[in-house]
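Since this is a predicted model, take the numbers as computed values, not measurements. Only this structure's heavy atoms are used, side chains among them; waters, hydrogens and symmetry mates stay out.
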Amino acid sequence: MSHRPRKRFGQHFLTDGGVVDAILDAVAVQADDVVVEIGPGRGAMTDALAAESGDFHAIELDRDLARALRQRYQDNATVTVHEGDVLAFDFSALGDELRVVGNLPYNISTPLLFHLMQSRRHVRDMTFMLQKEVVDRMAAEPGSKTYGRLTVMLSVGFIVQPLFDVPPEAFDPPPAVNSSVVQLRPLDEHTFRIDDHARFSQLVAAAFNQRRKTLRNALSQFADSNVFERAGVDSSLRAEALSTDDFVRLANALDGQN
């Protein structure tokens, strides 16, 4: 499929057959799987994913590419092409046990990951190509420079497993950054008991928005000394020192704040 990359959509089309094969091997689609490909672009992975799955959905924002995909699969009843913004797409409408795959536009990768978190109960796994810097943040350990809000928010919903790096020359046009493939698998919903997810999100965001400050100062609008004591969290620490469990206890401790 020929198509000139459009900068406004952040299009960098995967062209390296070896990388395509490695991603397909990592996904290992089965005949009864429901597969969702985000941003199929020119279709480097689409034929294989559509052929191997039982039900295949492609989500494409670019109307020219979406039209070409519809024409390409017009005689295939198991393929559905959805033209539109993936950030507004309702993944839950496609059923359960979804296997989501994509070479994600790097300019929307973080908001898209947060959007997908809302549908994680309908997902079996997700395998994505992302900017390496983003994958490093997704899988970071407490205390590291890359550990932050994205790490914590994903860790309460998913097991994050980086798979392999991909160089810029694997794309047309080559991006200015290195890329990585990562796989996410939803955790059991009872792994973390979060009393109020909105409050948890606000707390984590506030802590990392001022990550150079101690928690006592960064979270002064949320928590007093009693909250930190109930949670068993040292208020003199910075956000990057806390584990996911620490943030969960701290957010839940807000319930008892006077």
**Prompt:** Where the side chain of Asp196 meets the backbone of Ala251, is there a donor-acceptor pair that is under 3.5 Å apart?
**Reply:** no
**Prompt:** CG of Leu150 to OG1 of Thr110: how many Å apart, nearest 0.5 Å?
**Reply:** 5.5 Å
**Prompt:** Just by distance, do the side chain of Asp165 and the backbone of Lys132 share a donor-acceptor pair under 3.5 Å?
**Reply:** no
**Prompt:** Heavy atoms, side chains only, cut-off 4.5 Å: are Asp224 and Val227 in contact?
**Reply:** yes
**Message:** Show the nearest heavy-atom pair for residues Asp125 and Arg99, with the distance to one decimal.
**Reply:** OD2-NH2, 2.7 Å
**Request:** For Asn252 and Asp195, indicate whether the former's side chain and the latter's backbone hold a donor-acceptor pair under 3.5 Å.
**Result:** yes
**Message:** Is it the case that the side chain of Tyr147 and the backbone of Leu242 share a donor-acceptor pair, with hydrogens and angles ignored and the cut-off at 3.5 Å?
**Reply:** yes
**Request:** Please answer whether the main-chain N or O of Gly148 pairs with a side-chain N or O of Glu240 as donor and acceptor at a distance below 3.5 Å.
**Result:** no
**Prompt:** Do the side chain of Ser220 and the main chain of Asn217 share a donor and acceptor less than 3.5 angstrom apart?
**Reply:** yes
**Message:** Could you work out, with ring-ring contact (aromatic ring centres under 6.0 Å, His included) as the rule, every residue matching Phe89, not counting sequence neighbours?
**Reply:** His82, Phe91
**Message:** What verdict does the side-chain contact (heavy atoms from CB on, under 4.5 Å) test give for Leu61 and Val86, after you've listed the backbone C-alpha separation in whole Å, the side-chain angles of each residue and the deciding distance to 0.1 Å?
**Reply:** CA-CA 7 Å; Leu61 176 61; Val86 68; over 6 Å; no
**Asked** Do Arg199 and Leu203 come close enough that some side-chain heavy atom pair is under 4.5 Å?
**Response** no
**Request:** Kindly compute the distance separating OG (Ser119) from CG (Leu98), expressed to the nearest 0.5 Å.
**Result:** 8.0 Å
**Message:** Tell me whether Arg238 contacts the main-chain N or O of Arg212 through its side chain, where contact means a donor paired with an acceptor under 3.5 Å.
**Reply:** yes
**Closest contact, heavy atoms only, Thr244 versus Ser155** = OG1-OG, 2.6 Å
**Item:** Phe114 six-ring centre to Arg149 NZ/CZ under 6.0 Å and within 45° of normal
**Value:** yes
**Prompt:** With no hydrogens and no angle check, is any side-chain donor or acceptor of Arg230 less than 3.5 Å from a backbone partner on Ala253?
**Reply:** yes
**Request:** Test side-chain contact (heavy atoms from CB on, under 4.5 Å) on Val177 and Glu133 and set out the steps.
**Result:** CA-CA 8 Å; Val177 296; Glu133 178 186 347; 6.0 Å; no
**Between Asp55 and Thr78: side-chain donor-acceptor atoms closer than 3.5 Å** = no
**Asked** Taking everything shown except Glu169 itself, do over 12 heavy atoms lie less than 6.0 Å from its CD?
**Response** yes
**Request:** Could you pull out all residues at least two apart from Asp188 that satisfy side chain to side chain contact (heavy atoms under 4.5 Å, CB included)?
**Result:** His190, Thr191
**Asked** Tell me, do Tyr106 and Met129 make a side-chain contact under 4.5 Å, heavy atoms counted?
**Response** yes
**Message:** Using the rule side chain to side chain contact (heavy atoms under 4.5 Å, CB included), only one of Leu116, Asn103, Val134 pairs with Phe128; which is it?
**Reply:** Leu116
**Check: Asp62 main-chain N/O paired with Glu60 side-chain donor or acceptor under 3.5 Å** = yes
**Prompt:** Is Leu250 close to Leu219 at the side-chain level, that is, under 4.5 Å between some pair of heavy atoms?
**Reply:** yes
**Message:** On a heavy-atom basis, which atom in Thr46 and which in Pro40 lie closest, and how many Å separate them?
**Reply:** OG1-CB, 3.4 Å
**Message:** Test of understanding: with ring-ring contact (aromatic ring centres under 6.0 Å, His included), list the residues that count as partners of Phe247, not counting sequence neighbours.
**Reply:** Phe208
**Prompt:** Between Leu112 and Ile38, is any pair of side-chain heavy atoms under 4.5 Å apart?
**Reply:** yes
**Request:** For Thr214 and Ser235, work out which heavy atoms get closest and say how close.
**Result:** CB-O, 3.7 Å
**Message:** If the condition is side chain to side chain contact (heavy atoms under 4.5 Å, CB included), which residues does Val29 pass it with, not counting sequence neighbours?
**Reply:** Val27, Asp33, Val35, Leu49, Glu52, Ser53
**Prompt:** Under 3.5 Å, is there a donor-acceptor pair between the side chain of Arg120 and the main chain of Met117?
**Reply:** yes
**Request:** Nearest 0.5 Å please: distance from the CG atom of Leu104 over to the CD atom of Gln131.
**Result:** 11.5 Å
**Request:** Would you mind reporting whether Val156 and Phe200 have side-chain heavy atoms less than 4.5 Å apart?
**Result:** yes
**Heavy-atom closest pair, residues Phe222 and Ala206** = CE1-CB, 3.4 Å
**Prompt:** Nearest heavy-atom pair of Gln210 and Ala218: which atoms, and what distance?
**Reply:** NE2-O, 3.8 Å
**Prompt:** What's the spacing between Thr80 OG1 and Leu94 CG if we round to 0.5 Å?
**Reply:** 8.5 Å
**Message:** Given Arg42, which partner from the list Asp172, Asp47, Asp64 fulfils the salt bridge (charged side-chain N to carboxylate O under 4.0 Å, His left out) test?
**Reply:** Asp172
**Message:** Nearest 0.5 Å, please: how far is CG in Asp136 from CE in Met138?
**Reply:** 10.5 Å
**Asked** What's the spacing between Ser109 OG and Arg137 CZ if we round to 0.5 Å?
**Response** 7.5 Å
**Prompt:** Taking only residues two or more places apart in sequence or in another chain, which ones pass side chain to side chain contact (heavy atoms under 4.5 Å, CB included) with Asp90?
**Reply:** Ser92, Ala93
**Asked** Heavy-atom distance under 4.5 Å between the side chains of Asp234 and Phe228, does that happen here?
**Response** no
**Prompt:** If we only count heavy atoms from C-beta on, is the Asn178 to Pro168 side-chain gap below 4.5 Å?
**Reply:** yes
**Item:** Partner set under side chain to side chain contact (heavy atoms under 4.5 Å, CB included) for Arg249, not counting sequence neighbours
**Value:** Ala231, Val233, Asp245, Asp246
**Prompt:** Would Phe158 and Met126 satisfy side-chain contact (heavy atoms from CB on, under 4.5 Å), going step by step from the backbone distance to the final call?
**Reply:** CA-CA 10 Å; Phe158 297 99; Met126 304 190 296; 3.6 Å; yes
